[in-house]
Amino acid sequence: MRKKFVAGNWKMHGNLAHNQKLLEAVLKNTTNLRQSEIAVCVPFPYLSAIQAQLKNTHIKWGAQTVSEYDKGAYTGEVSTEMLNDFGCKYVIVGHSERRAIYGENSQTVALKYIAAQKAGLIPILCIGETLEQREGRITEQVVGEQLNAVIEKAGAGSLMKSVIAYEPVWAIGTGKTATPQQAQDVHEFIRKSIAAHNTTIASKITMLYGGSVKADNASELFAMQDIDGGLIGGASLVAEDFAAICEAAQN
Ligand code: PEP
């Protein structure tokens with residue numbers, strides 16, 4: 001059975017005092033929840049403080065993006081080595097906000113994914129369709145292309161050391177959650193696509209759903225056969241809500 005995983009994506013929210021209080025409460029409220037993996041992906045400037053607060057606890061941490069380059073004249077960028085300096089386990093790559101607002105395409109995302117793995121980080125690869133694409137009935141095509149861009153560059157074997165987050169863009173931050181069946185259908189499609197390359201990896205890979213997961217819809221979503229947890233935006237900023245979502249992820 002795959003272990004459930006709940007990862008918070010704080011996006012560009014927080015400050016030192018708020019983060020500390022939030023994590024104190026999350027640590028307290030999730031202390032008995034040891035059957036699932038829990039992580040928070042935080043803004044770069046807070047990695048040092050988060051490392052200090054979370055080391056030797058049951059909660060892991062990571063970043064929300066990373067440079068595809070090792071080092072050099074890339075003003076404003078952060079490398080995988082820098083993330084390792086702060087004990088990151090995970091890094092989100094290809095979040096739809098990075099694709100839409102910062103022009104990251106599937107090729108760049110694949111390079112970031114490869115850089116992360118090369119440094120021993122686990123990429124949380126986000127893929128998902130827009131509302132227009134869903135209404136145009138090309139969800140599988142879009143998600144398949146996003147996945148294949150990574151498989152072509154990194155090889156299907158690389159998926160063994162990654163997490164996939166299916167995040168329909170129309171459900172992110174909108175309060176519109178995909179129904180459990182809508183999410184399950186796409187997860188099943190992704191798992192089958194991976195199985196076409198490698199059945200063992202397909203059965204083992206952790207696949208998260210993301211898009212307005214809340215305390216009151218998490219259990220239903222996580223109960224679906226191919227959904228192994230969630231990537232949580234807004235609700236990860238409220239300790240009780242995030243802890244309740246983590247609780248829903250107990251196998
Ligand atoms: C996200 O940021 O990946 C996300 C799913 O956000 P929200 O939960 O707020 O929709």
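Order of listing sets the numbers, starting from 1, for every ligand and every atom in it.
Here the protein heavy atom with the shortest distance to atom 8 (O) of ligand 1 is Gly233 N, 2.9 Å. Ranking the protein heavy atoms by distance from atom 9 (O) of ligand 1 puts Gly234 N, 2.9 Å first. Protein heavy atom nearest atom 2 (O) of ligand 1, with residue, atom name and distance: Lys11 CE, 2.7 Å. Protein heavy atom in closest approach to atom 3 (O) of ligand 1: Glu167 OE2, 2.7 Å.
Aromatic ring centres of Tyr46 and Phe86 lie farther apart than the 6.0 Å criterion allows.
Taking distance alone, with nitrogen or oxygen atoms compared against 3.5 Å, Ile172 stays at or beyond that limit from ligand 1. An N or O contact shorter than 3.5 Å links Gly173 to ligand 1 by distance. Polar contact with ligand 1: present for Asn9 (N/O pair, distance under 3.5 Å). Any N or O atom pair closer than 3.5 Å counts here, and Lys214 shares no such pair with ligand 1. Polar contact check, His95 against ligand 1: a nitrogen or oxygen pair lies under 3.5 Å apart.
The Ser212 neighbourhood of ligand 1 comprises atoms 7 (P), 8 (O), 10 (O), with distances under 4.0 Å to a heavy atom of that residue. In summary, the atoms of ligand 1 found under 4.0 Å from a heavy atom of Leu231, numbered by their order in the structure, are 3 (O), 5 (C). The ligand atoms of ligand 1 that sit less than 4.0 angstrom from a heavy atom of Gly211 are 5 (C), 10 (O). Each of the atoms 5 (C) of ligand 1 lies under 4.0 Å from some heavy atom of Gly210. Taking every non-hydrogen atom of Ala171 and a distance limit under 4.0 Å, the qualifying atoms of ligand 1 come out as 10 (O).
Ring planes of His187 and Tyr209: tilted class, angle from 30 to 60°.
With a heavy-atom cut-off of 4.0 Å, Cys126 does not touch ligand 1 at all.
Heavy-atom distances between Ala235 and ligand 1 stay at or above 4.0 Å for every pair. Within the 4.0 Å heavy-atom cutoff, Ser96 does not count among the residues contacting ligand 1.
The closest side-chain donor-acceptor pair between Gln133 and Thr130 falls under 3.5 angstrom.
Hydrophobic cluster membership differs between Ile92 and Ile190, with clusters built from Ile, Leu, Val, Met, Phe, Trp and Tyr side chains linked at under 4.5 angstrom. The same ILVMFWY cluster, assembled from side-chain heavy atoms under 4.5 Å apart, contains both Val150 and Val93. Placement of Met160 and Ile124 in two distinct hydrophobic clusters is found when ILVMFWY residues are connected by side-chain heavy-atom separations under 4.5 Å, directly or transitively. The hydrophobic cluster containing Tyr90 does not contain Leu111, counting ILVMFWY residues as joined when their side-chain heavy atoms lie under 4.5 angstrom apart, directly or transitively.
At a threshold of 4.0 Å, the pair Lys28-Glu24 does not count as salt-bridged, since none of the basic side-chain nitrogens sits closer than that to a carboxylate oxygen. Ion pair Glu129/Arg134 flagged as a salt bridge, since at least one NZ, NE, NH1 or NH2 atom sits closer than 4.0 Å to an Asp/Glu carboxylate oxygen.
The OG1 atom of Thr139 lies 10.0 Å from the CD atom of Gln141; values are rounded to the nearest 0.5 Å.
Checked by atom type and distance alone, the side chain of Glu77 never pairs as donor or acceptor with a backbone atom of Tyr74 at under 3.5 Å.
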